[in-house]
Every structure is written in structure tokens, then in C-alpha cells.
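The sequence lines fix the lettering, A, B, ..., with proteins before strands; numbering per chain opens at 1. Note that these values count all heavy atoms, side chains included, but never hydrogens, waters or copies made by symmetry.
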Amino acid sequence: MHLNSQQIQQKALELWQLWKDRTPTPKERLTIPVQEMPNRNPLERRTSMEEVALGYSSEQAQLEANRCLNCKNAPCVEGCPVHIDIPGFLVKAARGDFRGALGVIQESSLLPAICGRVCPQEIQCQAPCTVAKSLKDPSKAVSIGRVERFVADWAREKTSDTQVPVCAPPTGKKIAIVGSGPASVSAAADLRRLGHAVTIFEAFHKPGGVLIYGIPEFRLPKAIVDQEMTNLKNMGVEIQTNFLVGRTRKLKDFLEKDGFDAVFVGTGAGLPKFMHIEGENLVGVFSANEYLTRCNLMKAYDHDRSATPIYRSRKVAVLGGGNVAMDAARSAQRLGAEEVSIVYRRSEAEMPARREEVEHAKEEGVHLLTLCNAQKILGDEKGRVRAIETLNYQLGEPDASGRRSSVPIPGSEALLEVDTVIVAIGNDSNPLLRQTTPELAVNKNGNFIVDAEGRTSLERVWAGGDIVLGAATVILAMGQGRTAAAAIHRFLSAS
Amino acid sequence: MNQILEKRRLSSDVYLMRFSAPLIAEARQAGQFIIVQIDSHFGERIPLTIADGDTETGSVTIIFQAVGATTRRLAAKNVGDFLENVLGPLGQPTHIEKFGHAVCVGGGIGVAPLHPIAQALKKAGNKLTIIAGARTRDLLILENEMRHLADEFLICTDDGSAGRKALVTQPLKELCEGPSKPDLVVAIGPPIMMKFCSQTTLPYGVKTMVSLNTIMVDGTGMCGGCRVNIGGKTRFVCVDGPEFDGHQVDFDNMMLRLQSYKEREETDKHKCQIGLDVTTGQGV
Ligand SMILES: Cc1cc2nc3c(=O)[nH]c(=O)nc-3n(C[C@H](O)[C@H](O)[C@H](O)COP(=O)(O)OP(=O)(O)OC[C@H]3O[C@@H](n4cnc5c(N)ncnc54)[C@H](O)[C@@H]3O)c2cc1C
Ligand SMILES: Cc1cc2nc3c(=O)[nH]c(=O)nc-3n(C[C@H](O)[C@H](O)[C@H](O)COP(=O)(O)OP(=O)(O)OC[C@H]3O[C@@H](n4cnc5c(N)ncnc54)[C@H](O)[C@@H]3O)c2cc1C
Ligand code: SF4
Ligand code: SF4
Ligand code: FES
């Protein structure tokens with residue numbers, strides 16, 4: 001049953017009356033119910049680009065924070081890639097000191113409003129949570145991400161005059177940052193705060209990387225990302241858009257001609273993978289990158305105002321089971337498709353997407369065709385998609401990665417009538433920079449090889465994020481950006 | 001940046017625009033293109049070939065045909081105005097060397113992207129034949145520039161209003177059969193023209209390069225929207241191209257893909273002005 005946000009918040013308000021004036025014992029903390037995220041109604045969502053998760057009320061945030069046992073060993077901190085002092089911020093949030101809580105988070109993370117929304121918490125910070133262990137239910141972990149999001153949103157809404165972080169006096173050093181995704185943004189902010197002059201070079205006309213062009217508005221409002229970019233500019237970071245490093249200027253020109261002392265590369269994993277099956281170049285087959293870019297960055301959902309067209313679909317098959325697949329499927333639905341199916345080779349439990357996104361997709365009516373894969377795409381006489389041929393699978397033994405493999409069931413071919421196919425099976429790293437800078441060492445997947453500090457094989461060049469990790473997560477990208485920034489700072493201070 | 005320095009109308013709906021873009025002017029090579037977007041919020045990103053560039057004034061030149069929403073808005077800009085977003089130079093530069101006898105075939109607006117390539121081929125010491133085709137005399141562009149460059153210059157029009165009344169493939173075939181068989185053909189124009197030029201040269205084993213004008217979004221290899229079949233393999237025009245061996249290109253698939261948004265664009269009342277019908281292949 002879908003409870004609306006008023007109902008959820010009313011319940012929290014009542015419960016909060018019981019707790020607000022006293023400190024619960026650990027046993028009592030375990031009795032506080034997990035605070036549900038108020039969500040927009042699924043029916044209304046299907047046609048709206050507006051954010052689905054509406055965020056906690058302050059009572060909900062305090063109740064949820066009070067569920068934390070403030071464990072001595074705090075296993076959750078190990079689960080967070082940037083080691084946020086989670087009990088530290090939850091204790092403050094539990095007392096209603098939201099500003100203090102945000103301060104604790106900001107010691108480790110620069111983008112809490114974003115990570116609180118998009119982190120796969122259930123496999124990161126929340127996975128080892130003691131509360132979940134005590135209650136023997138992984139879904140009953142403290143909702144760390146939701147509280148994190150709340151305090152970040154609270155601060156953004158409360159303070160109209162956004163505080164500009166103080167930057168150290170100019171050091172006279174110049175750093176070029178390539179790309180403007182979370183890795184780059186974090187590196188830029190840290191380096192600027194240390195007093196260095198920082199210029200970001202971004203190929204697209206808007207900065208933000210996947211946060212802008214990939215993850216849809218209904219999951220991460222673009223206003224939040226824009227705000228982060230404005231903060232950077234206010235700190236004095238220069239952002240040059242429409243600049244493709246490797247083409248507009250070579251990476252080495254930055255160091256040899258333009259007087260930059262160091263370069264950080266955060267170009268992401270922007271090369272869409274295809275299945276290499278028959279019919280993949282028919283009209284109506286898109287990479288998720290293309291589909292989502294048209295929809296998000298180019299705002300094709302705004303038919304009246306956007307000049308960028310988007311394919312009109314009735315029946316859509318999305319191939320893949322990650323966040324990208326969920327985003328593409330839910331976008332297609334919002335753009336007016338009548339029937340959207342996610343076709344995934346393993347079972348729902350193996351889907352790499354965030355749990356919450358899978359649930360949201362299902363609530364919105366997206367079909368999950370699991371243990372099923374597309375074999376070929378069939379076209380009509382005009383070269384347009386008319387169907388896919390699918391094959392069923394069953395789960396086999398766990399493979400090297402520990403995930404159960406999927407084994408095709410011979411003879412289980414079937415036709416699924418669709419007019420659109422969106423391929424969302426992941427991204428490789430974009431080859432442009434390694435082609436135009438052959439000195440950069442890369443592994444067999446084309447990802448940059450770096451040391452523990454993010455240093456590449458090319459002197460004075462660091463890298464981090466998806467270009468190093470392969471398609472990973474926002475928080476990992478951010479963490480690598482910060483590690484590299486610290487290393488760059490040490491290098492510049494020594495030289 | 002991106003301030004328009006010069007604007008000229010070359011034929012009824014073909015415009016030349018020169019604007020300041022010092023970094024692109026410095027980096028660009030023959031065969032490369034840019035992506036232009038008129039407004040950051042709702043504008044479409046469209047690819048246009050760099051027809052010329054000048055490092056002294058730090059400017060580049062584009063020549064475009066006002067066929068649809070964005071190119072028409074572009075045509076409405078004037079000297080002194082700014083282009084909001086310009087990204088480039090993009091794509092692989094043309095491979096230029098001394099081949100011997102190079103034949104450049106340009107159809108309609110395709111003469112514009114051909115110009116810097118013809119220039120570079122000439123400079124590398126090739127004997128240069130240029131064939132320029134259009135539906136009718138008024139639609140011929142860069143006639144003087146091309147005549148000036150070429151050792152031999154041929155014009156074909158559908159209606160015979162200038163040069164020969166023929167399709168460009170006719171003189172091309174004659175050249176292939178003649179005493180000075182081409183060592184390289186570069187054909188740029190509507191897909192159907194490039195397809196037939198490639199078919200024409202195939203039996204003679206003459207290497208034929210074409211420049212593909214697929215639909216693009218980012219122009220950096222990120223979306224895959226520009227993909228084409230080349231010799232059975234999927235390649236991205238914006239990073240692997242735009243030039244490919246014409247004998248390897250699956251033109252039929254490419255032409256179908258160009259129609260992806262047909263319904264939507266028809267509501268923008270497009271009428272192809274150079275008479276090169278992509279769907280039927282008539283009237284090259
Ligand atoms: C649809 C989608 C949904 C996702 N959902 C989630 C999620 O829910 N949770 C999560 O944690 N992660 C998610 N991810 C993954 C996450 O977005 C990435 O791991 C993260 O954005 C990587 O950050 P980055 O800084 O390495 O690069 P990116 O965010 O990829 O940014 C790279 C930027 O560099 C620019 N660039 C590339 N080459 C050049 C060049 N040569 N010159 C100049 N600029 C260049 C690109 O235009 C881009 O803007 C999702 C990814 C996608 C695509
Ligand atoms: C690498 C490259 C270089 C190019 N160089 C030039 C150039 O120098 N000068 C120039 O005038 N054009 C060039 N083009 C084509 C140009 O990009 C299109 O004309 C432009 O995108 C049309 O945009 P629009 O919004 O004005 O028209 P739309 O409203 O988008 O379309 C109008 C009509 O044009 C057709 N169309 C759309 N895109 C293309 C395309 N890429 N090729 C052919 N027809 C298309 C549509 O089907 C429709 O019928 C180039 C294309 C590529 C890929
Ligand atoms: S940044 Fe992500 S992993 Fe770390 S605490 Fe926040 S939500 Fe959890
Ligand atoms: S593991 Fe759970 S209960 Fe323990 S400190 Fe972390 S969030 Fe709190
Ligand atoms: S235009 Fe997006 S990959 Fe070529």
C-alpha cells in the first residue's frame with residue numbers, strides 16, 4: 001500500500017512526541033521503526049519527471065538517526081568508501097543539530113545531497129550495520145543515506161546565502177582538471193581550497209558529468225547538481241565547457257605550453273557497450289547513453305521547448321539490469337511508452353541496480369523479464385525494430401566474481417514484440433584520451449593504470465573515477481578525486 | 001569566443017559563416033568538424049564541417065544549408081552575434097598524402113566539406129580533378145574557389161543549367177575508364193550520391209573515401225547514435241570517422257537511420273532544397 005507523505009510524516013510526528021525529550025536506551029532504539037521514505041504516488045510518477053523520493057521530515061530524520069546504536073567499532077564506516085564518521089553525524093542529527101551533522105559529513109564527503117540520493121547504501125554503509133544484524137533483517141539497517149540526504153537538503157533550503165568555503169591564499173600553482181563528473185568536482189574543490197588555481201575542462205556544454213547527462217531528473221534533480229557547480233565557481237574554480245581534451249587541445253599541451261603544474265583526469269567511462277547481436281543498428285535501437293542524454297541533458301521530454309527529438313515508442317525492451325537500465329526504462333515510461341520491459345540474464349536478486357530503483361521501477365509498472373536475454377533484434381521492411389528474439393536462462397554455479405552464472409536453456413527462444421530497444425549493458429572507457437596521449441598506460445579494458453594515490457604513468461598527471469575503475473559509483477569517483485587532490489597538493493608543495 | 005565575424009549567403013539557403021574560435025582554428029585539420037548548439041537549455045547539438053580555418057585571425061568557417069530547425073536559427077544569426085556553444089575540432093583528420101591523381105566529387109552542400117580536403121590534397125602535390133554536382137545552377141556553391149584549386153573542374157547539374165546535364169557518377173565513371181584513372185576518389189554529398197559514387201568506382205578498384213553525415217548528439221564517442229556498419233563492424237562516425245572507405249559502408253542502413261526522427265522533423269516543415277531525395281535516391 002502506498003502511504004502518502006502526509007500519512008508517513010504524521011505517524012513520525014506522533015512517534016517523535018514519545019522520544020523527543022529523552023534519550024532511548026539501546027534496546028529502545030531497536031524498537032523505533034525504520035522511517036519510510038515518502039515517495040510520489042506511482043501513478044502520478046509515470047508521467048512526471050519530478051523527483052520520486054520526497055525526503056524525510058525533520059522528525060523522521062531524528063527518529064531514524066535515533067535508531068543508530070553508536071557502535072564502538074562502527075562497521076558502517078568501513079562500508080562507506082570515503083569513511084564518513086557515520087555515528088558521529090547520526091548522533092548530532094538525532095539531537096536535531098543538523099548543521100553539526102552536515103559538518104561531520106563534509107569532513108569526508110563533498111556531495112552529500114547527491115550521495116545520499118544515489119549511493120548503493122544497501123551494499124555499502126548500510127550492509128554491515130549492527131541494527132540490521134540485531135534485527136536479523138538487512139532492510140532494517142539505519143537508513144544512513146536518507147539522513148545524509150536530509151541534512152544536506154536541510155542546509156541547502158535553510159541557508160539562502162550559500163556559504164562559500166574559505167580558500168587558502170593563492171599558491172601560484174595551476175591545475176587543469178579534465179571532465180566535470182564527481183571525481184573531477186571533488187578534486188577541483190579540494191585543490192582550490194588549498195589555494196591552487198583550478199580550471200575544469202568539460203566536453204559537454206554543461207558541467208556535472210553523468211550526474212547531469214545520465215542520471216535522470218526524477219532521481220537526482222539537476223538543480224542540486226547545478227548548485228554544486230555554482231559553489232565551485234563561487235570558490236573561484238574556472239569551468240570551461242565545450243572543450244574536448246585531446247582534440248581542442250592535447251593533454252600534454254596543458255603541461256608543456258599552457259603552464260599548468262599538474263593535471264587530473266576524470267573523464268569517466270563514456271563508451272557505450274553494445275551486445276554485438278544481429279539487428280543492433282536497426283532504427284529504434286539506442287544505447288542508454290544516447291537515450292538518457294537526449295532525455296536529460298537535451299531535455300527532450302519537454303517536447304514543446306526542446307529542439308532535440310526523442311524516439312516515439314510504444315513498446316520498449318531495455319537490455320541490462322543495472323542503474324542505467326532502470327533509469328532508461330523509467331525514462332521511456334515517462335516519455336509515453338505503453339509497455340516497458342527490462343530484459344536481464346540473471347534473476348532479480350542479482351540485479352546490480354540499487355534496490356530502491358528496482359522497487360520504484362516495478363511500482364511504476366516496468367516489467368522485469370529476468371533469466372532472459374536478447375539473441376537478436378528483428379526489423380520490418382523500413383529497417384525499424386519490430387521484435388526481439390529472447391532466450392531463457394537458468395542460474396548456475398557462482399562464477400569467479402561470486403555471482404551466480406546464467407546458463408541458456410536451449411530451445412526456449414521466444415519473440416517479444418517491441419518497437420524500441422535500449423541497450424544498457426554498461427560502458428567502457430572512452431578511447432579518445434589514450435589515443436591522443438599514447439604515453440598513458442592503460443589496462444586491457446582501456447582504463448588508466450594509477451598507483452594508490454591516483455598517479456598515472458605520465459608525469460604530473462593524475463586520474464580517478466570511472467576512467468580508472470571502469471563503470472563504478474559516484475562515491476568511489478569522489479573518493480578517488482579527493483585522494484588524487486591530496487597527492488597533487490603534496491607534490492606541488494614539495495616542488 | 002564564437003563571435004560571428006562574417007556571414008554570406010552562397011545560394012538560396014546555403015550560408016557561409018566565419019566566427020572567432022582561436023583554439024579550434026589552431027587545432028583543426030582537413031576533414032574535421034564541430035558541434036554547434038544555439039542555446040544551452042533547449043537547443044539541439046548539430047555537426048557541421050569546418051570548411052576553412054585561419055590561425056591569424058583565430059577564426060573558422062562553416063558552410064551550411066538551412067534545412068531544419070537548428071540550421072535555420074543559425075542562418076538567422078548575424079555578424080556580431082555569438083554562437084552559444086561550439087565544440088571541436090572533432091573526428092579524425094583526412095589522411096593526406098601524394099596519391100597521384102585525386103578526384104574530389106561534391107554534391108550540393110557536400111562541396112563545402114570537400115573544400116579543405118581538396119586544398120590539402122592539392123598542397124600535397126596531387127593532380128586534382130573536382131566534380132561538383134547540384135540540381136540546378138543556383139545551388140552550386142564555392143564554384144570559383146573550386147575552379148581555382150582544380151587542375152580539371154567539371155560541373156554537373158540535373159537540369160543542365162550549368163555544365164553537363166548528368167549525374168556526378170557519369171564523369172566519375174569516364175575518369176575511371178580513361179587514361180588517367182584516379183588513384184583516390186573523395187566523394188562527399190548526400191548519402192545516396194556517396195553510395196552510387198562508391199558503386200561506380202568499385203569495379204575499377206579505385207579507393208574511394210566518403211564523409212558520413214549521420215545523426216549525432218555529443219560528437220565525442222559517448223552515445224553511439226552516430227554508429228554505422230563498416231565492413232560488417234559497428235563504428236562511430238564522430239570518433240572513428242567521419243571519413244570511411246566507401247566500399248565498406250552499409251549506406252542503406254545509414255540512410256534508414258537518418259530517417260529515425262522523420263515524423264518529428266516533418267512537423268518542422270522541411271523541404272529538401274537541393275533536390276537530393278534521400279529516400280528514393282532520385283535526382284542526384
Ligand atoms: C545512467 C547512470 C546511472 C547511474 N546511477 C548511479 C547511481 O545510482 N549511483 C551511483 O553511485 N552511481 C551511478 N552511476 C555511476 C556514476 O554516475 C559514475 O560512476 C560516476 O559519475 C563517475 O564519475 P566520474 O567523475 O569518473 O566521471 P563522469 O561522471 O562519467 O564524468 C566524466 C565527464 O568527463 C567529460 N569528458 C570525457 N572525456 C573528456 C575529454 N576528453 N575532455 C573533456 N571532458 C571530457 C564527460 O563529458 C563527462 O562530463 C550511474 C551511471 C549512469 C550512466
Ligand atoms: C560530420 C558531419 C558534418 C556535417 N557537415 C555539414 C556541413 O558542413 N554543412 C551542412 O549544411 N550540413 C552538414 N552536416 C549535416 C548537418 O549536421 C544537418 O544538416 C543538421 O544536423 C540539420 O539540423 P537541423 O536542426 O537544421 O535540421 P533537422 O530539423 O534536424 O532536420 C532537417 C532535415 O535534415 C535531415 N537531417 C538531419 N540530420 C541530418 C544529417 N546529419 N545529414 C543529412 N540530413 C540530415 C532530417 O532528416 C530532416 O529531413 C554534417 C553532418 C555530419 C554528421
Ligand atoms: S557517502 Fe554513501 S556510502 Fe558513505 S555514508 Fe553516505 S550514503 Fe553511505
Ligand atoms: S553500524 Fe549501524 S548502528 Fe552501528 S554506528 Fe553504524 S549506523 Fe549506527
Ligand atoms: S555522436 Fe555520440 S557517439 Fe558519435
Side-chain angles (χ1 to χ4, degrees), chain A residues 202-206 210 213-214 240-244 246-250 253 267-274 276 280-294 297-300 302-312 379 381-384 423 427-428 430-432 435, chain B residues 1-2 21 23-24 26-28 32 34-46 68-70 73 84-92 215 217-229 233-234 236 239-240 250 252-265 268:
Chain A
E202 165 58 46
F204 264 128
H205 55 276
K206 270 190 207 147
V210 170
Y213 77 72
Q240 279 212 27
T241 48
N242 300 312
F243 196 113
L244 184 64
R247 286 266 182 259
T248 310
R249 206 144 179 82
K250 300 269 185 291
D253 289 345
T267 45
L271 179 75
K273 283 192 205 167
F274 285 93
H276 304 293
E280 214 161 18
N281 290 344
L282 289 167
V283 177
V285 184
F286 303 91
S287 76
N289 283 3
E290 177 180 0
Y291 199 79
L292 290 169
T293 302
R294 284 179 181 273
L297 181 72
M298 310 308 293
K299 300 198 186 75
D302 194 337
H303 290 293
D304 294 338
R305 289 191 291 177
S306 176
T308 301
I310 190 117
Y311 204 65
R312 287 213 191 112
E381 68 288 348
K382 285 180 171 161
R384 294 182 169 241
V423 185
N427 286 302
D428 283 329
N430 189 307
L432 179 66
Q435 277 167 6
Chain B
M1 269 209 299
N2 309 341
L23 290 174
I24 300 177
E26 189 185 326
R28 70 104 201 179
Q32 290 187 302
I34 54 173
I35 292 235
V36 178
Q37 186 192 29
I38 306 265
D39 91 272
S40 295
H41 295 294
F42 296 105
E44 190 174 15
R45 296 165 61 95
I46 63 158
T70 306
R73 282 180 73 187
E84 208 162 298
N85 296 307
V86 177
L87 174 70
L90 304 173
Q92 303 287 344
I215 293 173
V217 183
D218 57 305
T220 67
M222 192 279 287
C223 76
C226 61
R227 67 193 190 279
V228 283
N229 284 338
K233 286 217 177 75
T234 293
F236 290 2
V239 285
D240 301 322
D250 181 347
D252 295 336
N253 177 256
M254 175 185 153
M255 287 187 271
L256 288 169
R257 288 182 59 81
L258 273 170
Q259 307 290 306
S260 298
Y261 299 102
K262 196 80 183 159
E263 305 109 41
R264 154 91 188 231
E265 270 142 9
D268 292 347

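- The shortest distance between side-chain heavy atoms of Leu432(A) and Thr220(B) does not fall below 4.5 Å.
- Looking only at heavy-atom pairs under 4.5 Å with chain A, the residue among Ala21(B), Gly219(B), Gly91(B) that has the most is Gly91(B).
- Distance check, rounded to the nearest 0.5 Å: CG of Leu292(A) to SG of Cys223(B) gives 11.5 Å.
- With chain B as the partner, the residue from Gly246(A), Ala203(A), Gly270(A) showing the most heavy-atom pairs under 4.5 Å is Gly270(A).
- At least one side-chain heavy atom of Glu44(B) sits less than 4.5 Å from a side-chain heavy atom of Pro309(A).
- Closest of all the heavy-atom pairs between Thr248(A) and Ala27(B) is O-CB, 3.8 Å.
- For Arg28(B), no part lies near chain A; criterion is any non-hydrogen pair under 4.5 Å.
- Atom CD of residue Glu84(B) and atom CG of residue Asn242(A) lie 9.0 Å apart, to the nearest 0.5 angstrom.
- Looking at Ile38(B), neither its backbone nor its side chain comes within 4.5 Å of chain A, counting heavy atoms on both sides.
- The contact between Val217(B) and chain A is made entirely by side chain atoms (from C-beta outward), counting heavy-atom distances below 4.5 Å.
- Using a 4.5 Å cut-off on side-chain heavy atoms (C-beta onward), Gln92(B) and Gln435(A) make contact.
- Of the two parts of Arg227(B), only the side chain, counted from C-beta on, holds a non-hydrogen atom closer than 4.5 Å to a non-hydrogen atom of chain A.
- In this structure, Arg247(A) and Gln32(B) have side chains that are in contact, with non-hydrogen atoms separated by less than 4.5 Å.
- Of all non-hydrogen atoms in Tyr311(A) and Ser260(B), the two that sit nearest each other are CE1-O, 3.6 Å.
- Residues Arg249(A) and Leu23(B) form a side-chain contact, since some pair of their non-hydrogen atoms from C-beta on lies under 4.5 Å apart.
- Each of Thr234(B), Asp250(B), Asn253(B) was checked for a side chain to side chain donor-acceptor pair (under 3.5 Å) with Asn281(A), and the lone residue meeting it is Thr234(B).
- Ring orientation note: the planes of Phe286(A) and Tyr261(B) are tilted relative to one another, at an angle of 30° to 60°.
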